[in-house]
Protein chains: 2
Amino acid sequence: MKLEKITRRSYDDACATAHALDLIGERWAMLVMRELMMGPRRFSDLRAALPGISANVLTQRLEGLEVAGIVRKRRLPPPAAAQIYELTEWGLEAEPILLSLGKWAVRSPRHDPTLPLSAVGLMLSFRAKFDPARAKGVEVSVSFRFGEEVFSVGVHKGVLTSERGEADRPDVTVAGSPAAVAGLVYGKAPLKEWEKQGSLAVTGDRAALKRFADIYEMPPKAG
Amino acid sequence: MKLEKITRRSYDDACATAHALDLIGERWAMLVMRELMMGPRRFSDLRAALPGISANVLTQRLEGLEVAGIVRKRRLPPPAAAQIYELTEWGLEAEPILLSLGKWAVRSPRHDPTLPLSAVGLMLSFRAKFDPARAKGVEVSVSFRFGEEVFSVGVHKGVLTSERGEADRPDVTVAGSPAAVAGLVYGKAPLKEWEKQGSLAVTGDRAALKRFADIYEMPPKAG
DNA sequence: CGGCATCCGGGAAGATACTG
DNA sequence: CAGTATCTTCCCGGATGCCG
């Protein structure tokens, strides 16, 4: 059985930043939190979204985050009856940490945007890179479909909203992989290229999609 | 010589947050950056400010951060001729990461503010916890002395400034340990208690120090 | 003293296989 | 599907010693 010792290594530093790293500074911890930022997930969802993590380590991280009060384990009522993990209120409040990490690292000369990307990672990048000044006058509602995962993203009155689930009456719906959507929004290739190679399928107001993509622009790399 | 393999473990994830953790997610890396946030330091300064880090690991972290373009190694001109480490421009821009970590973790039920605290850690906490609304109408300049380390902190027109070095004409000067200053500013014990036990020595306008301390207030813990 | 290199022990992470 | 069990590998931490 278990019986393992919970001898967590600590920095023994009163600085709150150091304490944060005691809590969520271990390998994979913040990426597990990232995947929970858009709502509850199951164990195997997390494994699939985090290629490279082993079941072993995922179990340990979820245990540690639960003990720390960041993650809650819950069993859905029948007939679903599945076990899910979700962030607590306080865990959700860690979002600015993930966004500030992303905003900073996107300027890294070594950043490679061609690597695999999770759906939640893409949704959070929309939040991180959102600039209300560039969104002035833009009114649009987009539905993104990544296989089973569906997200609703809207820009209204200079505010970005994004959540899991189908949009009410989206202007446009985009289906494909997170990487292809990132390529469209952040890259230079026009929509037609992505459609030609079958990476994206768009239904609805294509001009609305362009208005959304035009909000985003890559910041310059650090020298 | 060296010849070691630089096979850094990577998350292989296009998400910029994951890339940030590739760069600065290793143990001690962000705390080394914290210690450099208020200006250049020497190897032994860093070791002293980070109790628990081994020379071995500190060397590795500094190398890694230098390769990543976050830290720069520089030799001071004679007669100092000392080797120092400093953050690059881009490295300095990581400050919001450290502050967001601190602002989040200070709500942890497990946070223990009685542990040892570095001078730089305290200075950054002043920035992290600063609330312009509470600073309205406050005009004060404080000089903090922690042994050899001197910092100048000012509040003017709702803006906090803090830097290494002597203040121009401070209203008040406080000498002691970072922990004692934190106890005064964030704790409940009044100044007289700290002076009575010889932890703090204050010269100048004591009311100015109180105005500064009153800006700060501990946020509530997470349930 | 500052800045490493080297060796070593323990423990965390990674890979794979297996189970209820 | 949701994890354990086991094994290997690698990283971290501590001690020591070199070299300018």
Side-chain angles (χ1 to χ4, degrees), chain A residues 1-13 18 21-32 35-36 40-66 71 73-76 78-86 148, chain B residues 1-13 18 21-22 24-32 35 40-67 71-76 78-86 148:
Chain A
M1 283 297 289
K2 304 287 274 308
L3 259 321
E4 88 273 20
K5 51 174 178 285
I6 308 281
T7 45
R8 319 238 318 139
R9 209 160 36 172
S10 164
Y11 289 113
D12 287 324
D13 190 318
L21 295 171
D22 280 340
L23 294 171
I24 61 174
E26 288 164 307
R27 192 161 167 76
W28 291 109
M30 293 195 217
L31 295 187
V32 170
E35 288 304 316
L36 295 175
R41 312 290 295 276
R42 290 185 297 187
F43 188 91
S44 46
D45 294 335
L46 295 171
R47 260 197 100 173
L50 297 169
I53 198 172
S54 67
N56 204 351
V57 171
L58 179 54
T59 299
Q60 287 174 220
R61 285 304 157 273
L62 288 169
E63 273 175 16
L65 292 171
E66 190 179 5
V71 159
K73 189 195 292 195
R74 201 152 55 85
R75 186 167 289 281
L76 290 182
Q83 183 129 255
I84 57 152
Y85 296 89
E86 64 187 356
E148 302 297 296
Chain B
M1 282 299 288
K2 305 285 274 307
L3 261 318
E4 90 269 19
K5 52 173 177 286
I6 308 283
T7 45
R8 319 239 316 139
R9 217 159 27 178
S10 163
Y11 289 113
D12 287 323
D13 190 320
L21 295 170
D22 280 339
I24 61 173
E26 289 164 307
R27 193 163 165 77
W28 292 108
M30 293 194 218
L31 295 187
V32 170
E35 288 304 316
R41 312 290 295 278
R42 291 186 297 187
F43 189 90
S44 47
D45 294 335
L46 296 172
R47 264 199 94 173
L50 298 169
I53 198 172
S54 67
N56 200 354
V57 171
L58 179 53
T59 299
Q60 287 174 220
R61 286 304 159 271
L62 288 169
E63 272 176 17
L65 293 172
E66 191 180 3
V67 169
V71 159
R72 188 165 35 225
K73 188 195 293 193
R74 200 153 56 85
R75 185 166 289 282
L76 289 182
Q83 184 128 254
I84 56 150
Y85 296 88
E86 64 186 356
E148 302 297 297

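All values reported here derive from a predicted model rather than from experimental measurement. Note: hydrogens, waters and symmetry copies are ignored here, and every other heavy atom, side chains too, is used.
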Separation of C/dA13 C1' from A/E26 CD (nearest whole Å): 11 Å
Atom pairs under 3.5 Å, N or O on each side, protein against nucleotides 13-20 of chain D: can you list them with distances?
unit_1: D/dG13; atom_1: OP1; unit_2: B/R27; atom_2: NE; d: 2.1
unit_1: D/dG13; atom_1: OP1; unit_2: B/R27; atom_2: NH2; d: 3.1
unit_1: D/dG13; atom_1: OP2; unit_2: B/W28; atom_2: NE1; d: 2.8
unit_1: D/dG14; atom_1: OP2; unit_2: B/G52; atom_2: O; d: 3.2
unit_1: D/dG14; atom_1: O6; unit_2: B/N56; atom_2: ND2; d: 2.8

Of the listed nucleotides C/dA13, D/dC12, C/dA5, the one nearest the side chain of B/T59: C/dA5
Close side-chain approach of B/Q60 and B/E26, heavy atoms under 4.5 Å: no
Interatomic distance, B/R47 CZ vs C/dC1 P [rounded to whole Å]: 12 Å
Under-4.0 Å side-chain N/O to phosphate OP1/OP2 contact, A/R61 with C/dA12: no
Min side-chain heavy-atom separation A/L62-A/E66 under 4.5 Å: no
Sidechain-backbone polar pair: B/R61 side chain, B/V32 backbone, donor-acceptor under 3.5 Å: no
Heavy-atom pair with the smallest gap, counting every atom of A/A29 and A/I24: CB-O, 3.6 Å
Among B/I53, B/L31, B/L58, side chain to side chain contact (heavy atoms under 4.5 Å, CB included) partner for B/L46: B/L58
Whether A/Y85 and A/F43 hold their rings parallel, tilted or perpendicular, with breakpoints at 30° and 60°: tilted
Nearest-Å distance for atom pair CD/C1', residues B/E66 and C/dC4: 13 Å
Length of the CG-C1' vector between A/L58 and C/dA13, whole Å: 13 Å
Nearest atoms (heavy-atom pairs only) where A/S10 meets A/D22: OG-OD2, 3.2 Å
Atom-to-atom span, CD of A/E63 to C1' of C/dA13 - whole angstrom: 15 Å
Distance, rounded to the nearest Å, where A/R75 contributes CZ and D/dC1 contributes P: 15 Å
Between D/dG3 (P) and A/Q60 (CD): distance, integer Å: 14 Å
Below 4.0 Å: OP1/OP2 of C/dG2 and any side-chain N or O of B/K73: no
Rounded distance in Å - CG (B/L46) to P (C/dG2): 11 Å
Proximal nucleotide (of D/dA2, C/dC4, C/dA12) relative to the A/F43 side chain: D/dA2
